[in-house]
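Lettering of chains follows the sequences in order, A, B, ..., and the numbering in each one begins at 1.
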Amino acid sequence: MSGDGSGAEDATGEVTATGGTAADEGTADERAAENVTDGAASDPDGEAGGAAGGPDGTEGGAAATGVGTDADRDDGLLSVSDLDAGYGELQVLDDVDLVVGDGEYVTIVGPNGAGKSTVMKAVFGLATYMGGRIAFDGEEISGDAPETIIRRGLSYVPQNENVFAGLSVRENLEMGAYILDSIPEDTLDDVFERFPILEERQSQRAGTLSGGERQMLAMGRALMLDPDLLLLDEPSAGLAPELVAEMFDRVDAINDAGTAVLVVEQNAKEALRRCDRGYVLVQGQNRYVDTGEALLADEGVRREFLGG
Amino acid sequence: MGIADTYSRGRRLVVERPLVLVLGLVAVLFLLDLARKVTAGSLSVASLATFLEEGLILGLVLGLAGVGLSMTYAILGFANFAHGDYISAGAFAGWATTYVIGGLGTLPLGDLLLLGVSGDANAGTVGASVTSTPVATLVGFVVAVAFAALLTLGIDRLAFKPMREQEGIALLIASIGVALALRYVLAFVFGTSSSGLTAGDPSILTIPPITIPDFAILGFEISGVAVLRSPISITAHELTLTFGAVALLVGVHLLLQRTKLGTAMRAMADNRDLARVTGIPTESVVRATWLVGGGLSGAAGYLIVLWRGTIAFDFGWVLLLLIFAAVILGGIGSVYGAMFGGLTIGIAQNLSLIWLPSEFSTAAAFGVMILVLIFKPAGLFGGVTTA
């Protein structure tokens, strides 16, 4: 991914800078920033404060980040800017910016309740979209039906219950290619080659698979359309520790084959070690953006999110 | 496996699940009593066979109607109380067509369309039956299926689609409203009295009396045991219903297991949100489900009237209670459960006639349902989320 490196780094610098400006300008953001410094990111009180402060901070934040992200609006494959989203009346994301370049491996980390998964759900229309821009390949996709989004080359693996338990392994994979007129045998062979266990178990019901196998099946299903970008929501959740590294290796392999990957991870250290770039999301707002290495080395990130 | 093992297992059964034991004993008693009745001659084999046959036919009809109900429950997440009235509406549309084709030229069109509410169209003048008016019956059946399917789709557009994201309970109440509206539209057009529609139902298949010829076992001479003393006749309408229902149920099975659409239906029943993000066009799957479920209800309605010979504006609604019993017994949401539950309820209701007066037969069917739910609260096929 070295080709995209410089552009990505530029984007990073700007967003980080804006984060600083927003904090200087908006009182709500200031309060949130203090909470984080005190190590109270996971404190429920801190979260409530952030949620309440959200609407107030919106104006200042939008103005500030708007300037910063103009440059990368249509640069990336997926480019999200000033995204506000939530569930029903509850706003979770506040002016989130995010760019994933062609073939890039990007990770979103952050404490519980930071809205990491909500970013993906908003892209796929599962969360309530409240404003901002979501563009894929330069075209606005907010409000599109999932089947339209998938057709553009974007696939998504949700965190929980991500296989059809009552269907066979093969049927699960076939459903991944529903929008095609016939089953793409080549892609199916590729998926079986990548995950041989799935070929072995193709007539078994998905509900009888182990956690690791289910995760492979869910990824395999998302790869059935050979997407340009794969969204993975906490692929390591619920896996036994010895399987986590294996899972990360698989994501690496998918990315090495040319598919851009956006991963939401609880397992922050490992995720940042593997990715090209990382976003740290706190209380529904961008906090840090940089290369994975830089974030791992950053004093603030280490202290607040990686346990020293 | 020593005696001690067997003993401790038996002991566990008695201690932990005494109800199972009691029920097992009761079931054995019933079977013994049935055997006694048959051998003693107080219950003839012919009438036992008739009970079973009637039960099987009722069961097939309940299964057919229940499959549609279960499918829409699995995919849309609500129990549709209007399903019974889809059955009635389909039957009325189908039979009006049969009457128009069967009686055109001899009777005024209006009389025929209204199925004898006024005028002279009735069983005697039109003489509809599978054997005397085969074309009219077939076309009527097709119209019943098509009408119910389109009606179902139209009602979805009008009433249920705007509420798609609502809770199941809100949709359920809306469906009761739809049921009432439909039923009284039917009553308004066709009146509230029950009318006879079919003219005769010729017996086309007869099982002759069976007597085992004399034979000898271990030196004992056994002579002329009559297994079946009087002939059993199967009518054309019973046969039509059986074949029609079985063919449609096999069709549903093939649709669900062998086609892409059917797999998508099962996927949606499994997990609606996942189906959406996988790229399955969920709205068109929902439409297809309504079409199939509605079509099956129309088929069931037409066949029931063919079998019973009479039609009334509320017969589907009355039947809905038994259909729900069948679907719940099988595990609501499971298509195979609905088929199996239908047969169980149908046969239980008819076999209960051996011991109980006919007024209690519906109660007996529900008794069986309650017993099943005590042991398998999710129904026989419950938890198997395969559409």
Side-chain angles (χ1 to χ4, degrees), chain A residues 88 117 120-128 144-183 203 205-208 214 217-218 220-225 227 230-233, chain B residues 70-71 73-75 77 161 163-167 170 252-289 330-338 378-387:
Chain A
S117 300
M120 291 187 171
K121 288 181 182 163
V123 169
F124 257 81
L126 290 184
T128 314
D144 280 2
E147 69 231 51
T148 316
I149 296 175
I150 281 172
R151 233 175 255 279
R152 292 177 189 271
L154 187 57
S155 287
Y156 168 48
V157 179
Q159 183 186 346
N160 296 313
E161 295 177 12
N162 52 19
V163 298
F164 299 112
L167 270 58
S168 74
V169 167
R170 196 190 167 89
E171 285 172 334
N172 263 277
L173 294 173
E174 286 173 2
M175 285 298 104
Y178 191 92
I179 57 167
L180 301 182
D181 292 330
S182 61
I183 294 145
S203 49
R205 272 165 42 108
T208 63
R214 281 181 198 220
L217 177 56
R221 194 189 51 233
L223 289 174
M224 282 299 284
L225 293 173
L230 183 62
L231 308 185
L232 297 170
D233 195 349
Chain B
S70 222
M71 274 174 100
Y73 179 86
I75 285 164
K161 194 180 174 196
M163 306 176 62
R164 198 74 93 218
E165 300 306 318
Q166 299 287 314
E167 294 283 312
V252 170
H253 165 74
L254 292 178
L255 169 76
L256 286 176
Q257 300 298 332
R258 297 285 161 81
T259 69
K260 189 170 153 184
L261 177 67
T263 313
M265 285 174 175
R266 288 188 290 133
M268 243 189 110
D270 241 23
N271 188 337
R272 220 155 112 190
D273 276 345
L274 184 60
R276 275 187 61 200
V277 301
T278 303
I280 295 171
T282 48
E283 260 312 306
S284 61
V285 175
V286 166
R287 267 199 302 277
T289 308
I332 190 156
S334 160
V335 165
Y336 302 101
L380 289 175
F381 288 66
V384 184
T385 50
T386 303

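Two rings, from A:Y156 and A:F124, have their centers less than 6.0 Å apart.
A:D144 places no side-chain N or O within 3.5 Å of a backbone atom of A:I149 that could act as its donor or acceptor partner. Using a distance-only test at 3.5 Å, with no hydrogens or angles considered, a donor-acceptor pair links the side chain of A:R214 to the main chain of A:G207.
Ranked by heavy-atom pairs under 4.5 Å with chain A, the list B:N271, B:T282, B:T263, B:D273 is led by B:T263. Contact count versus chain B (heavy atoms, under 4.5 Å) is highest, among A:R221, A:R151, A:M175, for A:M175.
Contact annotation for A:V163: only backbone heavy atoms (N, CA, C, O) come within less than 4.5 Å of a heavy atom of chain B. If you measure heavy-atom distances from A:L180 to chain B, the contacts under 4.5 Å come from the backbone alone. For A:E174, no part lies near chain B; criterion is any non-hydrogen pair under 4.5 Å.
Smallest separation of non-hydrogen atoms from A:E147 and B:P281: OE2-CB, 3.3 Å.
Taking CG of A:L217 as the start and CG of A:N162 as the end, the distance is 8.0 Å to the nearest 0.5 Å.
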